[in-house]
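For clarity, every value in this text was computed on a predicted model and none was experimentally measured. Per chain, numbering begins at 1; letters A, B, ... match sequence-line order.
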Amino acid sequence: MLSKPFSLSKHERLKSKKQIDALFLNGKAFFVYPFKVKYLFTASGENPQLKFGISVPKRNFKKAVDRNRIKRLSREAYRLHKVPIQEKIQVERSDLQVMFIYTHNEILAYDEMKKAMIKSLHKLVELIPSNTP
RNA sequence: GCUACAAGUAAGGUUAUCGCCGCGACUAUAGAGGUCGGGGAGGAAAGUCCGGACAGCAAAGAGCGACAUACCACCUAACAGAUGGUGCCUGUUGCAAGACAGGUAAGAGAGUGCCACAGAAAAUAACCGUCCGUUGCGCCUUGGCGUGACGAGAUAAGGGUGAAAAAGUGAGGUAAGAGCUCACUGGUAGGGGUGGCAACAUCCCUAUCGGGUAAACCUUAUGUGCUGAAAUGUCAAAUAAGUGAGUGCUUGAGAACGGCUCGUUCGAUACUCAUGGGUAGACAGAUACAUGCAGGUGGUGACAUCUGCGGUAGAUAAAUGAUGACCUUCCCAACUUGUUGGGAAAACAGAAUCCGGCUUAUUUACUUGUAGUUUUU
RNA sequence: GCCGUAGUGGCUCAGUGGUAGAGCACCUCCUUGGUAAGGAGGAGAUCGAGGGUUCAAUUCUCUCCUACGGCU
């Protein structure tokens with residue numbers, strides 16, 4: 001996995017309805033325009049897992065093409081900038097589940113999304129609790 | 001050559017880096033995995049408006065109800081779709097004949113309802129009017145004229161309306177009138193001849209002249225059982241057809257996902273209470289086909305059929321992306337008129353069980369046809 | 001994915017083949033020293049859009065648009 005730092009396979013995505021429900025029930029949130037970032041840390045064992053998801057409300061974007069485009073751009077931004085948080089989690093031994101909710105009602109350019117993603121990832125890194133004794 | 005309209009076709013290509021989802025091979029392993037190869041959105045994938053396939057309910061049966069369709073023929077698995085034709089209406093063009101385009105289509109000579117306002121009356125028409133009969137009064141040469149009343153008399157020629165007024169015009173006829181009769185014209189129904197598979201066209205004869213509305217109820221004919229992949233099946237320590245108690249019990253309580261009735265099948269394995277037990281997963285359904293392309297044959301055509309070649313997404317919080325370069329194409333500007341520089345590569349839009357249609361959205365380029373116009377020969 | 005409901009003045013809703021209505025809100029006047037309440041009057045609608053049936057459509061019918069809801 002370390003040989004391919006920018007990969008983004010199925011295992012790194014939030015897929016289980018149970019986990020997502022738990023995230024929305026117990027998770028905390030902050031807001032970095034245009035994303036609302038919902039996150040949940042849980043203590044972990046040997047292999048800490050980082051899982052993420054992106055949500056674009058149908059209310060704001062009626063067309064599937066627009067929703068797909070936002071998801072793809074956001075995912076690309078996440079993929080290229082997730083390395084620091086992955087390393088920090090390995091060190092601190094904490095699972096993390098994140099959901100990015102796109103709250104704006106227009107499609108932003110990739111550059112703006114990238115900036116917002118970097119900013120929110122930085123913030124997440126700071127929020128990681130220390131589990132090392 | 002340009003412009004307009006119609007129909008059709010295509011939906012940039014190659015490559016680098018970083019990535020995503022299936023498939024195959026190899027490799028590794030307790031397992032996760034790794035390498036290589038190859039594949040990865042549309043003409044509408046959309047709306048969910050029709051029709052099927054498929055699945056479950058009884059491999060769903062009868063009647064009623066409900067719903068849908070409605071010129072004719074033909075195509076199809078099927079259709080409200082397509083193809084070819086018919087009648088009518090509208091528009092464009094034309095002197096006209098006609099041509100083209102669009103729309104429309106069973107039945108109002110079965111029944112019920114409705115037709116505001118206006119109008120005498122809106123559908124078994126007598127309100128006014130006209131005429132006739134009886135009668136009162138007045139006038140005058142016993143009969144007429146004028147006027148009034150009555151009629152369970154006649155009459156649809158005329159009457160300011162209205163979307164629509166009881167075939168139209170002319171003549172005869174009559175007390176007044178009337179398709180009452182006649183001529184011409186028009187409509188409807190029936191019969192016959194000719195042409196056509198038929199709708200229908202055309203000619204002849206007979207009868208007839210009866211408002212509209214069925215996207216009001218309805219009638220006729222035909223068709224449709226209901227529910228939809230969130231259906232449905234399988235797996236695991238499984239939401240119970242488990243366990244315990246009670247009730248009830250032998251010719252029908254109840255169940256079988258439908259509006260009602262019947263019929264059929266199951267039928268105490270029923271009903272009530274208590275107890276018990278938990279995941280929202282995995283796999284199948286699910287990607288091979290009413291399949292695509294090319295050619296031949298039949299048909300006016302939709303289409304059918306034969307031969308050859310081909311395999312072409314399969315996700316599930318849901319893949320098909322991001323950044324850059326070049327080629328090609330298009331646009332703009334400059335002038336050396338074929339170069340340079342700059343810009344853009346689009347619009348509508350993203351599969352979710354699968355097909356056939358319909359509808360809606362839409363850019364650029366090309367091809368074909370029709371019409372117009374200009375230049376040259 | 002599948003199924004359904006609604007759209008009428010600024011807002012909440014009636015209405016139904018025949019000139020579109022109510023309440024609140026708005027404007028003017030009366031009342032009051034002034035305001036509220038009350039009274040009188042008034043304005044405000046392409047009935048979501050576009051075709052069709054009909055003499056006539058908000059209503060019937062078809063196609064779109066928008067909003068909302070249900071089904072694991």
Side-chain angles (χ1 to χ4, degrees):
Chain A
M1 200 180 265
L2 290 175
S3 61
K4 288 199 153 206
F6 299 116
S7 82
L8 191 67
S9 69
K10 256 182 174 177
H11 315 285
E12 298 179 53
R13 283 184 235 160
L14 266 174
K15 291 175 99 69
S16 158
K17 185 171 170 62
K18 203 176 178 182
Q19 283 183 335
I20 293 166
D21 286 346
L23 170 60
F24 275 91
L25 197 65
N26 303 319
K28 297 178 179 177
F30 61 87
F31 192 89
V32 178
Y33 175 83
F35 295 110
K36 183 181 181 185
V37 183
K38 197 102 181 170
Y39 64 97
L40 180 64
F41 294 102
T42 45
S44 173
E46 288 290 313
N47 281 314
Q49 288 186 320
L50 170 63
K51 293 204 175 197
F52 94 110
I54 298 160
S55 180
V56 184
K58 203 170 188 176
R59 196 183 193 78
N60 293 348
F61 299 92
K62 292 200 66 68
K63 292 171 185 168
V65 172
D66 297 339
R67 294 197 299 274
N68 276 349
R69 172 123 195 110
I70 290 165
K71 282 185 188 174
R72 284 166 180 164
L73 292 176
S74 309
R75 200 174 58 217
E76 189 71 10
Y78 175 83
R79 182 173 73 80
L80 295 173
H81 302 97
K82 65 168 181 169
V83 176
I85 194 162
Q86 227 166 15
E87 290 172 347
K88 186 82 184 291
I89 277 175
Q90 290 293 332
V91 172
E92 302 289 352
R93 300 214 166 185
S94 172
D95 279 348
L96 171 58
Q97 286 136 29
V98 206
M99 180 67 84
F100 298 91
I101 300 162
Y102 192 90
T103 55
H104 197 47
N105 57 7
E106 288 174 14
I107 304 179
L108 294 176
Y110 174 65
D111 282 344
E112 291 186 56
M113 281 197 206
K114 192 166 73 179
K115 281 180 200 164
M117 183 59 74
I118 292 172
K119 200 173 165 187
S120 44
L121 286 175
H122 275 303
K123 201 160 178 178
L124 274 175
V125 167
E126 289 167 18
L127 285 165
I128 291 175
S130 175
N131 285 336
T132 43

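Where RNA chain C pairs in unbroken runs of 3 or more (Watson-Crick or G-U, both distances under 3.5 Å), the stems are C:1-7 with C:65-71, C:10-13 with C:21-24, C:26-30 with C:38-42, C:48-52 with C:60-64.
In this structure, A:Met99 and A:Glu76 both approach RNA chain B, and ranking their closest nucleotides by distance from the 5' end singles out A:Met99. RNA chain B is contacted by both A:Ile54 and A:Tyr110; A:Ile54 maps to the nucleotide lying nearer its 5′ end (nearest heavy atom per residue).
Using a distance-only test at 3.5 Å, with no hydrogens or angles considered, no donor-acceptor pair links the side chain of A:Arg67 to the main chain of A:Pro57.
Distance A:Asp111 CG to B:G324 C1': 14 Å, rounded to the nearest Å. With rounding to whole Å, A:Arg67 atom CZ is found 13 Å from B:A318 atom P. For the pair A:Leu80 CG and B:U323 P, the computed distance is 11 Å after rounding to whole Å. Atom pair A:Arg79:CZ and B:U323:P shows a separation of 12 Å (rounding to whole Å applied).
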Grab the N/O contacts between the protein and nucleotides 348-351 of chain B below 3.5 Å, and write none if there aren't any.
unit_1 : atom_1 : unit_2  : atom_2 : d
B:A349 : OP1    : A:Lys63 : NZ     : 2.9
B:A349 : OP2    : A:Lys63 : NZ     : 3.1
B:G350 : OP2    : A:Ala64 : N      : 3.3
B:G350 : OP2    : A:Val65 : N      : 3.2
B:G350 : O2'    : A:Asn68 : ND2    : 3.4
B:G350 : N7     : A:Arg72 : NH1    : 3.4

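Both A:Tyr110 and A:Ile54 belong to a single network of hydrophobic side chains, linked directly or stepwise wherever heavy atoms of I, L, V, M, F, W or Y lie under 4.5 Å apart. Residues A:Leu121 and A:Leu80 share a single hydrophobic cluster, defined by chaining ILVMFWY side chains whose heavy atoms lie under 4.5 Å apart.
For A:Arg75, a side-chain nitrogen or oxygen approaches OP1 or OP2 of B:U320 to under 4.0 Å.
Residues A:Tyr33 and A:Phe31 place their aromatic rings such that the two centres sit no closer than 6.0 Å.
Residues A:Ile128 and A:Ile89 are in side-chain contact: their nearest non-hydrogen atoms beyond the backbone lie under 4.5 Å apart. When side chains are defined from C-beta on, A:Lys38 does not count as touching A:Phe100, because their heavy atoms never get closer than 4.5 Å.
Applying the 90° cutoff around 0 to the glycosidic angle, B:A288 is assigned syn. Syn is the conformation of B:G22, whose glycosidic angle sits no further than 90° from 0. A glycosidic torsion no more than 90° from 0 defines the syn conformation, and B:U312 adopts it.
Between B:U264 and B:G107, the distance separating the two C1' atoms is 41 Å to the nearest Å. Between B:U364 and B:A351, the two C1' atoms lie 25 Å apart (nearest whole Å).
When heavy atoms are screened at a 4.0 angstrom cut-off, A:Arg69 is found touching the sugar-phosphate backbone but no base atom.
Considering only residues two or more places apart in sequence or on other chains, A:Gln97 meets the side chain to side chain donor-acceptor pair (under 3.5 Å) condition with none of them.
Salt-bridge check for A:Arg79 with A:Glu76: passed, with a basic side-chain N closer than 4.0 Å to an acidic carboxylate O.
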